[in-house]
Amino acid sequence: ASIKCLEQALAVKPNYAEAHYNFGNVLKELRQLEAAVEHYLQALEFKPDFAEAHSNLGVALKELGQLDAMVHHLEQALAIKPNLAEGHNNLGNALTDLDQLDAAVKSFEKALTLNPDYAYAHNNIGVTLKELDRLDEALVSYERAYYLKPEIDFLLGGLLDTKMHL
């Protein structure tokens, strides 16, 4: 139903950046990453300062293994909207993938400064701190993530795994 509505919106107004962005989000969820990337790029063609489109494009590019392009778009998102907590979290994930763990921690910390209740950022900094063998700090992050979102199964896994390594 969502795809049909978005197709209709774009048939009426093909340069509607928000519709391209939302179409990209739906396609990304459906794991149709190449098509999602195309819609994010079209959104940016019509609205170059669309920070969220840059951020989600970066995430889709990451999943396609295009790490340099991913970092570029995440940095673009943050240049446009420096207070975008999700963008800082996504950049932290990108830096973790590039094995730039200290920089990733700083990016997650920035996300958490902007949104202290961002469970995914708490989890992600926990993962990175664990990789840095900073287990006590990782445990605190995992506990906070699980406290905020106990319904997300993988949060409990990270918490329990870290407790086993202490």
Side-chain angles (χ1 to χ4, degrees), residues 21 24-41 43-44 48-166:
Y21 169 73
N25 290 340
V26 169
L27 293 168
K28 186 167 68 78
E29 287 298 315
L30 294 172
R31 308 297 303 151
Q32 296 177 23
L33 298 174
E34 291 87 1
V37 165
E38 288 305 314
H39 278 283
Y40 291 136
L41 289 171
L44 291 167
D49 64 344
F50 197 163
E52 293 82 358
H54 277 290
S55 183
N56 286 7
L57 173 57
V59 172
L61 291 168
K62 171 189 180 225
E63 294 180 31
L64 290 169
Q66 299 177 28
L67 300 181
D68 290 335
M70 165 196 63
V71 170
H72 167 76
H73 283 285
L74 293 173
E75 289 174 340
Q76 286 287 103
L78 294 171
I80 295 164
K81 200 170 191 178
N83 292 332
L84 184 64
E86 185 177 78
H88 287 283
N89 182 62
N90 291 341
L91 181 58
N93 286 331
L95 294 168
T96 298
D97 288 345
L98 293 169
D99 206 33
Q100 298 176 24
L101 302 181
D102 291 322
V105 167
K106 288 183 177 141
S107 199
F108 294 131
E109 287 172 341
K110 179 67 175 176
L112 291 168
T113 297
L114 295 167
N115 181 358
D117 293 335
Y118 193 177
Y120 292 106
H122 281 287
N123 178 72
N124 294 337
I125 197 171
V127 170
T128 306
L129 290 167
K130 186 175 173 194
E131 286 186 43
L132 289 167
D133 203 33
R134 293 164 55 184
L135 298 180
D136 289 333
E137 293 171 84
L139 183 61
V140 170
S141 295
Y142 283 131
E143 287 173 339
R144 182 69 178 150
Y146 185 68
Y147 171 79
L148 292 166
K149 293 273 188 183
E151 69 276 11
I152 301 175
D153 294 338
F154 69 83
L155 297 178
L156 180 59
L159 172 61
L160 294 174
D161 185 61
T162 303
K163 280 188 174 190
M164 288 179 10
H165 288 91
L166 280 175

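Under the salt bridge (Lys or Arg N to Asp or Glu O under 4.0 Å) criterion, the residue pairs touching residues 30-41 are R31-E63, with sequence neighbours excluded. Evaluation of the salt bridge (Lys or Arg N to Asp or Glu O under 4.0 Å) test over residues 65-78, restricted to residues two or more places apart or in two chains, returns none. The salt bridge (Lys or Arg N to Asp or Glu O under 4.0 Å) analysis of residues 77-102, with sequence neighbours excluded, yields the pairs E52-K81, K62-D97.
Note that CG of L67 and NE2 of H72 are 14.5 Å apart. Values are rounded to the nearest 0.5 Å. Atom CG of L33 sits about 11.0 Å away from atom CG of L57, to the nearest 0.5 Å. Atom OG of S107 and atom CG of L74 lie 8.5 Å apart (nearest 0.5 Å). The distance from atom CD1 of I125 to atom CG of L101, rounded to the nearest 0.5 Å, is 11.5 Å.
Scored by the ring-ring contact (aromatic ring centres under 6.0 Å, His included) test, H54 finds H73 as partners (sequence neighbours excluded). Applying the side-chain hydrogen bond (donor to acceptor under 3.5 Å, both in side chains) criterion to S55, with sequence neighbours excluded, gives N90. Here H39 pairs with H20 under the side-chain hydrogen bond (donor to acceptor under 3.5 Å, both in side chains) rule; sequence neighbours left out. Checked against ring-ring contact (aromatic ring centres under 6.0 Å, His included), F50 has the following partners two or more places apart in sequence or in another chain: Y21. Under the side-chain contact (heavy atoms from CB on, under 4.5 Å) criterion, V140 pairs with no residue, sequence neighbours left out. Under the rule for a side-chain contact (heavy atoms from CB on, under 4.5 Å), the partners of A60 that lie at least two apart in sequence or sit in another chain are K28, V37, Y40. Evaluation of the side-chain hydrogen bond (donor to acceptor under 3.5 Å, both in side chains) rule for E137 yields R134 as partners, not counting sequence neighbours. Residues satisfying the side-chain hydrogen bond (donor to acceptor under 3.5 Å, both in side chains) criterion with T128, sequence neighbours excluded, are T96.
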Show which side-chain atoms of residues 110-117 pair as donor or acceptor with protein atoms under 3.5 Å away, not counting sequence neighbours.
residue : atom : partner : partner atom : Å
T113    : OG1  : E109    : O            : 2.9
N115    : OD1  : D117    : N            : 3.2
D117    : OD1  : R144    : NH2          : 2.6

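The shortest non-hydrogen separation linking A145 to A119 is CB-O, 3.4 Å. Annotation for P48 and I80: closest pair O-CD1, 3.8 Å, computed over non-hydrogen atoms. The shortest non-hydrogen separation linking A138 to G126 is CB-O, 3.4 Å.
Put simply, the side chain of N89 never gets that close to the backbone of A85: no donor and acceptor are under 3.5 Å apart.
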> How far apart are the C-alpha atoms of Y142 and V127, what are their side-chain angles, what is the distance that settles it, and do they pass the side-chain contact (heavy atoms from CB on, under 4.5 Å) test?
Replying inline: CA-CA 8 Å; Y142 283 131; V127 170; 3.3 Å; yes

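Exactly one of L95, L91, N124 qualifies for a side-chain contact (heavy atoms from CB on, under 4.5 Å) with F108. That residue is N124.
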